[in-house]
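Some notes on the structure that comes next.
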Amino acid sequence: GILPRIQITYHLDDLKKKEKVKFNYLLNGKAGKYGLLREHNSKLIAPGIIEINPDYEKIFIDSIKQITSRFEIKKIFIGE
């Protein structure tokens with residue numbers, strides 16, 4: 001079958017190191033807490049690109065917006 005997915009490309013190069021670390025914790029978790037990727041069965045495709053289930057788009061976008069406004073959203077379909 002074909003599954004809908006959302007790819008979010010983000011840019012952190014203009015952020016301070018502290019903000020980049022905060023973003024990393026947001027995605028990957030910290031101190032035993034799960035990050036957004038693991039909580040919502042999403043994955044890092046490449047540096048700067050994550051792939052998520054459309055059901056969680058708002059959660060990811062709202063969270064990412066708190067750290068950076070430099071991101072793009074692309075809706076795609078993948079084969080199972």
Side-chain angles (χ1 to χ4, degrees):
I2 296 177
L3 298 174
R5 286 287 180 261
I6 292 177
Q7 281 187 352
I8 301 173
T9 304
Y10 56 88
H11 308 279
L12 305 179
D13 46 335
D14 58 334
L15 298 181
K16 294 179 180 162
K17 182 171 179 168
K18 177 181 170 186
E19 294 298 307
K20 291 178 184 177
V21 169
K22 192 173 168 183
F23 193 83
N24 184 50
Y25 289 155
L26 171 75
L27 292 183
N28 298 306
K30 176 186 177 191
K33 291 187 178 174
Y34 292 159
L36 288 178
L37 292 177
R38 187 159 176 189
E39 276 183 19
H40 301 295
N41 196 22
S42 303
K43 58 187 173 184
L44 184 69
I45 300 295
I49 304 173
I50 55 176
E51 191 174 277
I52 66 170
N53 183 314
D55 295 344
Y56 307 121
E57 180 178 9
K58 183 169 174 25
I59 294 167
F60 275 86
I61 299 307
D62 290 348
S63 300
I64 290 170
K65 275 184 185 173
Q66 292 176 13
I67 299 174
T68 183
S69 59
R70 295 185 61 215
F71 63 91
E72 296 93 45
I73 300 164
K74 182 168 42 168
K75 298 181 190 240
I76 63 166
F77 291 95
I78 59 169
E80 278 188 286

Value rounded to 0.5 Å, distance of [atom1] in [X] from [atom2] in [Y]:
{"X": "Glu19", "Y": "Ile67", "atom1": "CD", "atom2": "CD1", "value": "6.5 Å"}
{"X": "Gln7", "Y": "Ile52", "atom1": "CD", "atom2": "CD1", "value": "10.5 Å"}
{"X": "Leu27", "Y": "Arg38", "atom1": "CG", "atom2": "CZ", "value": "14.5 Å"}

How about [X] and [Y]: do any of their side-chain heavy atoms sit closer than 4.5 Å?
{"X": "Tyr56", "Y": "Leu36", "result": "no"}
{"X": "Lys74", "Y": "Ile6", "result": "no"}
{"X": "Tyr25", "Y": "Lys33", "result": "no"}

Sequence-distant partners of Glu57, salt bridge (Lys or Arg N to Asp or Glu O under 4.0 Å), two or more places apart: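 Glu57 satisfies salt bridge (Lys or Arg N to Asp or Glu O under 4.0 Å) with Lys75 only.
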
Those residues that, when tested against Lys17, pass salt bridge (Lys or Arg N to Asp or Glu O under 4.0 Å) (two or more places apart): none

Whichever hydrophobic residues join Ile2 through chains of side-chain contacts under 4.5 Å: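 Reading the cluster by chain and number, Ile2 sits alongside Phe77.
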
Using the test side-chain contact (heavy atoms from CB on, under 4.5 Å), find all partners of [X] that sit at least two apart in sequence or belong to another chain.
{"X": "Gln66", "value": "none"}
{"X": "Leu44", "value": "Tyr10, Leu37, Ile50"}
{"X": "Lys16", "value": "none"}
{"X": "Thr68", "value": "Leu12, Leu15, Phe23, Ile64, Arg70"}

Please list, chain by chain and in numerical order, all residues satisfying side-chain hydrogen bond (donor to acceptor under 3.5 Å, both in side chains) with [X], sequence neighbours excluded.
{"X": "Glu39", "value": "none"}
{"X": "Asn24", "value": "Asn28"}
{"X": "His11", "value": "Glu72"}
{"X": "Lys58", "value": "Asp62"}

Residue Lys22 excluded, over 12 heavy atoms near NZ under 6.0 Å: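 Open.
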
Tyr34: partners by ring pair (Phe, Tyr, Trp, His ring centres under 6.0 Å), with sequence neighbours left out: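 Ring pair (Phe, Tyr, Trp, His ring centres under 6.0 Å) check on Tyr34 returns nothing, list empty.
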
hydrophobic_cluster_shared for Leu26 and Ile61, side chain cutoff 4.5 Å: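 Same cluster: Ile61 reaches Leu26 through Ile, Leu, Val, Met, Phe, Trp or Tyr contacts under 4.5 Å.
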
Heavy-atom pair of closest approach, residues Pro4 and Pro54: O-CD, 3.4 Å

